[in-house]
Amino acid sequence: MKQKRTLAQRVNVLRASVMGANDGILSVAGIVVGVAGATTNSYSILISGLAGMLAGTISMAMGEYVSVNTQKDAQKMAIKRQKAALETDYEHESKMVMQKYVDQGISAPLAQQATKEMMQDDALVTTVRERYGFNPSEFISPYAAGIASMISFPTGSILPLVSITFFPARIKVLATVVAVAIALAITGYSAAVLGNADRKHSVFRNVVAGLLTMLVTYFIGHLFA
């Protein structure tokens, strides 16, 4: 059981890392392509990209930390309420668990036996999982999530920065768009695998969102050229 909990926590941190890298790619790509639409000065483009990377890194790390802490606080309150519910009316909570199993297609006698055994093993974990949909022993660390985002965002940002800075002037925007599209396809696929979602839909949505972002920012920058 300990190993499973550790695996679940690692998957959640990995998911935060993938999304952080995705945001880093998309955000900085939008900035540098937008600036490239206004100027061909490589130094100006690089500085704007670096500023976006720094701001995004701090924002993502703090945002992830606050978000996970908020979720953790809500889960703690749910556990507190469930403890009170078990002390007040244990039988009602036991019936709730059994009904959940019956609704899932388990026969009533088997659901009753399973409920009895699981409630005897750990009533709090069983009722919290069935009522609120999470395991009380699988909290995500806000520090781990924040650090994962703090590392992954600038890592993702490196690709558009390098592409827009070092490719020849005549192809730098196109080369950056292609490189970013490939990177977004990879992060979209990775996010779908971790979330057990449709791979093709996730990749398509991620790439299209990235292309639209770069298209809009490029033409906005071009207006001020």
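With a 6.0 Å radius and a threshold of 12 heavy atoms from other residues, nucleotides or ligands, Gln112 has its CD atom at or below the threshold.
The structure places CD of Glu64 at 9.0 Å from OG of Ser17, a figure rounded to the nearest 0.5 Å. The line from CD1 of Ile25 to OG of Ser163 is 10.5 Å long, rounded to the nearest 0.5 Å. Atom CD of Gln120 sits about 9.5 Å away from atom OG of Ser94, to the nearest 0.5 Å. Atom OH in Tyr43 sits 11.0 Å away from atom OG in Ser48 (nearest 0.5 Å). Within the model, atoms CG of Asp89 and CE of Met96 stand 11.0 Å from one another, a figure rounded to the nearest 0.5 Å. Taking CE from Met19 and CG from Leu26, the interatomic distance works out to 9.5 Å, rounded to the nearest 0.5 Å.
With Arg15 contributing its side chain and Ala191 its backbone, the two residues share no donor-acceptor pair below 3.5 Å. Thr155 contributes a side-chain N or O that, together with a main-chain N or O of Ile151, makes up a donor-acceptor pair within less than 3.5 Å.
Contact detail for Ala16 and Ser149: the closest heavy-atom pair is O-OG, 4.1 Å. Taking each heavy atom of Asn69 and Pro142 in turn, the nearest pair found is OD1-CG, 3.5 Å. Nearest heavy-atom pair, His201 versus Asp198, reported as atom, atom and distance to 0.1 Å: N-OD2, 2.7 Å. Taking each heavy atom of Val28 and Ser157 in turn, the nearest pair found is CG2-OG, 3.3 Å. Among all heavy-atom pairs drawn from Ser190 and Val18, the shortest one is CB-CG1, 4.0 Å. Closest of all the heavy-atom pairs between Ala108 and Val102 is CA-CG2, 4.2 Å.
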side-chain contact (heavy atoms from CB on, under 4.5 Å) assessment of Val193 paired with Arg199: CA-CA 7 Å; Val193 170; Arg199 275 70 160 165; 3.8 Å; yes
Verdict with reasoning, Ser42 to Phe166, per side-chain contact (heavy atoms from CB on, under 4.5 Å): CA-CA 9 Å; Ser42 295; Phe166 294 105; over 6 Å; no
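Between Tyr132 and Phe134, the ring planes are tilted. Angles from 30° to 60° get that label.
Criterion: ILVMFWY side-chain heavy atoms under 4.5 Å apart, direct or through other members. Under it, Ile171 and Leu215 are not part of a common hydrophobic cluster. Criterion: ILVMFWY side-chain heavy atoms under 4.5 Å apart, direct or through other members. Under it, Leu184 and Ile164 are part of a common hydrophobic cluster. Val177 and Val207 fall within the same hydrophobic cluster, defined by Ile, Leu, Val, Met, Phe, Trp and Tyr side-chain heavy atoms under 4.5 Å apart, directly or through other members. There is no path of hydrophobic side-chain contacts, each under 4.5 Å, that joins Met60 to Ile158. By the criterion of side-chain heavy atoms lying less than 4.5 angstrom apart, applied directly or through intervening Ile, Leu, Val, Met, Phe, Trp or Tyr residues, Leu159 is not grouped with Val203; the two fall into different hydrophobic clusters.
In this structure, Thr88 has no side-chain contact (heavy atoms from CB on, under 4.5 Å) partners at least two apart in sequence or on a different chain. Remark: Leu124 engages Ile79, Gln82, Lys83, Leu86, Asp122, Val128 in a side-chain contact (heavy atoms from CB on, under 4.5 Å) (not counting sequence neighbours).
Between Thr217 and Ile31, the closest side-chain pair of non-hydrogen atoms is not below 4.5 Å. Taking the side chain as every heavy atom from C-beta outward, Leu54 and Leu50 never approach each other to under 4.5 Å. Put simply, the side chain of Ile47 does not reach to within 4.5 Å of the side chain of Ser44, judged on heavy atoms. Considering only heavy atoms from C-beta on, Tyr101 comes within 4.5 Å of Glu130 through its side chain. The side-chain heavy atoms of Tyr90 and Met119, taken from C-beta on, include a pair separated by under 4.5 Å.
Defined by atom type and a distance below 3.5 Å, a donor-acceptor pair is missing between the side-chain atoms of Thr126 and Asp121. Using modelled atom types, one finds no donor on one side chain facing an acceptor on the other under 3.5 Å when comparing Thr165 with Lys172.
Screening residues 90-105 for salt bridge (Lys or Arg N to Asp or Glu O under 4.0 Å), with sequence neighbours left out, gives Glu93-Arg131.
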